[in-house]
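Here, residue 1 is the first one in the sequence, and each next residue gets the next number. Only heavy atoms go into these numbers, but all of them, side chains included; no hydrogens, no water, no symmetry mates.
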Amino acid sequence: MEQNKPQTEQELTQQAAVRRQKLADLCEAGHNPFEITKYAQDAYSADLKNEFADLPAEAETGKIVSLAGRMMSKRIMGKASFAHLRDQKGDIQIFVKRDLLGDEAYAAFKKLDIGDIIGVKGEVFRTKMGEISVRISELTLLSKSLLPLPEKFHGLTDREARYRQRYVDLIMNPEVKDTFVKRSLILKEIRAYLDEKGFLEVDTPILTPFEIGASARPFYTHHNTLNMDMVLRIETELYLKRLIVGGMDRVYEVGRIFRNEGMDPKHNPEFTTIELYQAFTDFHGMMDLVEEMYKRLALKVCGSLEITYQGKQIDMGHWERLTMVEAVKKYSGVDFNDWKTDEDAIAAAKEHHVELPEVPTKGAILAEFFDAFVEDKLIQPTFIYDYPVEISPLAKRKPTDPAFTERFEYFIDCTEYGNAFSELNDPIDQKARFERQVAERKAIEPGCKAQVDYDYVNALEYGLPPTGGLGFGVDRLVMLLTDSASIRDVLLFPTMKPLDN
């Protein structure tokens, strides 16, 4: 079997030079492969293997097929040779015989390199060794690979190279392609589920006119014609809720989001979310929707409600529901209801070595207790609901306790996967919260350009019905259902720092 093991840059350069010379020779002989525009492909590797799974050894099928793909191996054996072709659905062996192909074509085949794109026509049969193969009667070079494929392209030492050169990663590691096939299936299933529920998929602007007061930092760009700075969106929420005001009662968007923040195994500067809004329901309706949708996805993608993620068994069939106050009391022993004032909360935080938030109120300190004591315990699917109003500027207050909001987040394997509200539809309350949020941002960061979205407040004044809203990250969900450790493993082209030239 022909192997590619470039040990040095010089050797790699030599191999590239040899391949370029082969291309020059082909062109000179009138066989420039890059002039070919199409090939009549009528079969795929996996389909043939399935169709003839019961074919005995050394049996013929009489079926003539045309295949196209990349040559991944080649073994020259005098007048007959074997190679493996990789197409859209997998690998299949091809048997190349000089007497059948012809002297000139066989000689041309022997000059082919691993990585070349070829089209072949021949009969399907099973070899003496029991492998479904195609006996080639025609072979066409469709594209010349001018760089040798690496011998191996996996493992931690090559991970950066794999992300930078995803095209090579996909060639060398079929399981990587499987992850992205599953990603596509997950999105397809989410859309099918929401469409069945009567939701309408919509698109909202990616370029927005100003920075809102949220804590997420945006990317800025400039529009030349309008001579104005614009912001890449950090959410799709406010536009989608405008549509609910307009009478589109169930909407969702699969949206690319941009945040100018840190990078780690769970964060990339650009990522995909799904936000959805449903009129005339509340956050409990969103809980039911999440649980039903995630069970459906687990069964469809993983074949079971019991899935494995990074060595842990996750039961997607069972979801616990706790208020934030209940969760903090359960895992830290501290009861929010014992705090009568913000000073009580500050004292408790100091006693338990909990970091104080920038604005140390009772509600904000409760959230810090949650981060310190609870989140890393939530391995199985868990809804945490009733969030403090201080950290929930867009959620409706609880009628029975206005210090809290009708909001939940849900956690799996100690990670937050989504966020949902009974949406705030009181324009007077919303305006006050927006103005307070922007003021707090500017007090902490005087140079920030955050503004209140008064047009959104204006929309609310026309009347937003009681609405349940949900947003969740697609990338983290794909990580979970494909057992991927890093967000970079589920993004085809993750953000990377350029290499020095």
**Prompt:** Quick one: does R183's side chain have a donor or acceptor within less than 3.5 Å of a partner on V490's backbone?
**Reply:** yes
**Prompt:** Looking only at side chains, do Y387 and E406 share a donor and an acceptor under 3.5 Å apart?
**Reply:** no
**Message:** Under the criterion salt bridge (Lys or Arg N to Asp or Glu O under 4.0 Å), I'd like the reasoning laid out for R98 against E104: C-alpha separation, chi angles, the key distance, then a yes or no.
**Reply:** CA-CA 9 Å; R98 188 178 70 179; E104 185 178 342; over 6 Å; no
**Fill in**
Output for pair (T382 OG1, E375 CD), nearest 0.5 Å, gives 11.0 Å
**Complete:** Taken to the nearest 0.5 Å, the spacing of I132 CD1 from F125 CZ works out to 9.0 Å
**Ring centres under 6.0 angstrom apart (Y252, Y277)** = no
**Item:** Under 3.5 Å donor-acceptor, R70 side chain and I114 backbone
**Value:** no
**Item:** E28 atom CD: more than 12 heavy-atom contacts under 6.0 Å
**Value:** no
**Asked** Taking the side chain as C-beta and beyond, is there a heavy-atom pair between M293 and E189 under 4.5 Å?
**Response** no
**Complete:** Heavy-atom nearest pair, Q380 first then D315, reads OE1-N, 2.8 Å
**Message:** Looking at D25 and K111, is any side-chain nitrogen of the basic one under 4.0 Å from a carboxylate oxygen of the acidic one?
**Reply:** no
**Request:** Verify salt bridge (Lys or Arg N to Asp or Glu O under 4.0 Å) between K74 and D113, making sure each step is shown before the conclusion.
**Result:** CA-CA 8 Å; K74 187 174 72 170; D113 292 302; 5.8 Å; no
**Prompt:** Should S484 and Y309 be marked as a side-chain hydrogen bond (donor to acceptor under 3.5 Å, both in side chains) after you check the CA-CA gap, both sets of side-chain angles, and the distance that decides it?
**Reply:** CA-CA 8 Å; S484 299; Y309 183 69; over 6 Å; no
**Asked** Less than 4.5 Å apart, any side-chain heavy atom of R135 and any of T127?
**Response** no
**Message:** Check this for me: K188, atom NZ, are more than 12 non-hydrogen atoms of other residues, nucleotides or ligands nearer than 6.0 Å?
**Reply:** no
**Prompt:** Where the side chain of R259 meets the backbone of I234, is there a donor-acceptor pair that is under 3.5 Å apart?
**Reply:** yes
**Fill in**
Scanning both residues in full, the closest heavy-atom pair of K89 with S45 reads C-OG, 3.5 Å
**Asked** Distance-only, no hydrogens or angles: does the E235 side chain make a donor-acceptor pair with backbone N or O of E237 under 3.5 Å?
**Response** yes
**Message:** Are there over 12 heavy-atom neighbours, none belonging to R20, within less than 6.0 Å of that residue's CZ?
**Reply:** no
**Positive for ring pair (Phe, Tyr, Trp, His ring centres under 6.0 Å) with W319, one of Y385, F411, Y294** = Y294
**pair K241-V245: side-chain heavy atoms closer than 4.5 Å** = no
**Main-chain N/O of G255 paired with E253 side-chain donor or acceptor, under 3.5 Å** = no
**Asked** What distance do R75 atom CZ and Q93 atom CD have between them, rounded to the nearest 0.5 Å?
**Response** 6.5 Å
**Asked** Under 30°, 30 to 60°, or over 60°: which ring-plane class applies to F383 and F408, parallel, tilted or perpendicular?
**Response** perpendicular
**Asked** For M172 and P150, which heavy atoms make the closest approach, and how far apart are they?
**Response** CE-O, 3.0 Å
**Request:** Mark yes when over 12 heavy atoms from residues, nucleotides or ligands other than D42 sit less than 6.0 Å from its CG; otherwise mark no.
**Result:** yes
**Message:** Whether the side chain of T281 engages the backbone of A279 through a donor-acceptor N/O pair (distance < 3.5 Å, no angle test) should be reported.
**Reply:** no
**Item:** Verdict with reasoning, E58 to R126, per salt bridge (Lys or Arg N to Asp or Glu O under 4.0 Å)
**Value:** CA-CA 5 Å; E58 299 187 85; R126 192 181 290 278; over 6 Å; no
**Request:** Indicate the atoms forming the closest heavy-atom contact of K266 with C414, along with that distance.
**Result:** NZ-O, 4.5 Å
**Request:** Check step by step if side-chain contact (heavy atoms from CB on, under 4.5 Å) holds for D47 and K49.
**Result:** CA-CA 5 Å; D47 297 338; K49 289 179 177 181; over 6 Å; no
**Any donor-acceptor N or O pair under 3.5 Å, side chains R233, T208** = no
**Item:** More than 12 heavy atoms of other groups within 6.0 Å of K97 NZ
**Value:** no
**Request:** To the nearest 0.5 Å, tell me how far F109 CZ sits from D116 CG.
**Result:** 10.5 Å
**Prompt:** Does a side-chain N-to-carboxylate-O contact under 4.0 Å join E291 and R321?
**Reply:** yes
**Message:** Tell me whether N32 contacts the main-chain N or O of F34 through its side chain, where contact means a donor paired with an acceptor under 3.5 Å.
**Reply:** yes
**Request:** Report the residue from V202, T204, D203 that forms a side chain to side chain contact (heavy atoms under 4.5 Å, CB included) with Y239.
**Result:** T204
**Asked** What distance do L378 atom CG and I384 atom CD1 have between them, rounded to the nearest 0.5 Å?
**Response** 5.0 Å
**Prompt:** Counting only heavy atoms not in K295, do more than 12 sit closer than 6.0 Å to its NZ atom?
**Reply:** yes
**L276 side chain near L289 side chain, heavy-atom distance below 4.5 Å** = yes
**Prompt:** Can you check whether V176's main-chain N or O pairs, donor with acceptor, with N173's side chain at less than 3.5 Å?
**Reply:** no
**Asked** For the atom pair CD1 (I412) and CZ (R476), what is the distance rounded to the nearest 0.5 Å?
**Response** 11.5 Å
**Item:** Heavy-atom closest pair, residues F180 and L492
**Value:** CE2-N, 3.4 Å
**Request:** Check the pair Y417 / T415 against side-chain contact (heavy atoms from CB on, under 4.5 Å), numbers first and verdict last.
**Result:** CA-CA 6 Å; Y417 275 80; T415 299; 3.8 Å; yes
**Prompt:** Are the side chains of K121 and S66 in touch, meaning some heavy atoms are under 4.5 Å apart?
**Reply:** yes
**Asked** Looking at G262 and H267, what are the two nearest heavy atoms and their distance?
**Response** O-CB, 3.8 Å
**Prompt:** So, do F95 and F82 have ring centers that fall under 6.0 Å from each other?
**Reply:** yes
**Asked** Are F280 and D249 side-chain neighbours, meaning at least one heavy-atom pair lies under 4.5 Å?
**Response** yes
**Asked** Under 4.0 Å between a Lys/Arg side-chain N and an Asp/Glu carboxylate O for R296 and E196?
**Response** yes
**Message:** Quick one, M324 and R407 - any side-chain contact, counting heavy atoms below 4.5 Å?
**Reply:** no
**Message:** Would E123 and K63 count as a salt bridge (Lys or Arg N to Asp or Glu O under 4.0 Å) here? Give the steps.
**Reply:** CA-CA 5 Å; E123 181 185 356; K63 180 166 185 168; over 6 Å; no
**Prompt:** Is the number of heavy atoms from other residues, nucleotides or ligands under 6.0 Å of K79 NZ greater than 12?
**Reply:** no
**Asked** Salt-bridged, R159 to D489, with N to O below 4.0 Å?
**Response** yes
**Asked** Okay, side chain of S145, backbone of L147: is any donor-acceptor separation there less than 3.5 Å?
**Response** yes
**Asked** Under a 4.5 Å cut-off applied to non-hydrogen side-chain atoms, are L48 and L67 in contact?
**Response** yes
**Asked** Quick check: does any side chain N or O of S304 sit under 3.5 Å from a backbone N or O of C302, one acting as donor and the other as acceptor?
**Response** no
**Request:** Kindly indicate, with the supporting measurements, whether the criterion side-chain hydrogen bond (donor to acceptor under 3.5 Å, both in side chains) is fulfilled by D413 and Q310.
**Result:** CA-CA 9 Å; D413 189 36; Q310 300 299 293; over 6 Å; no
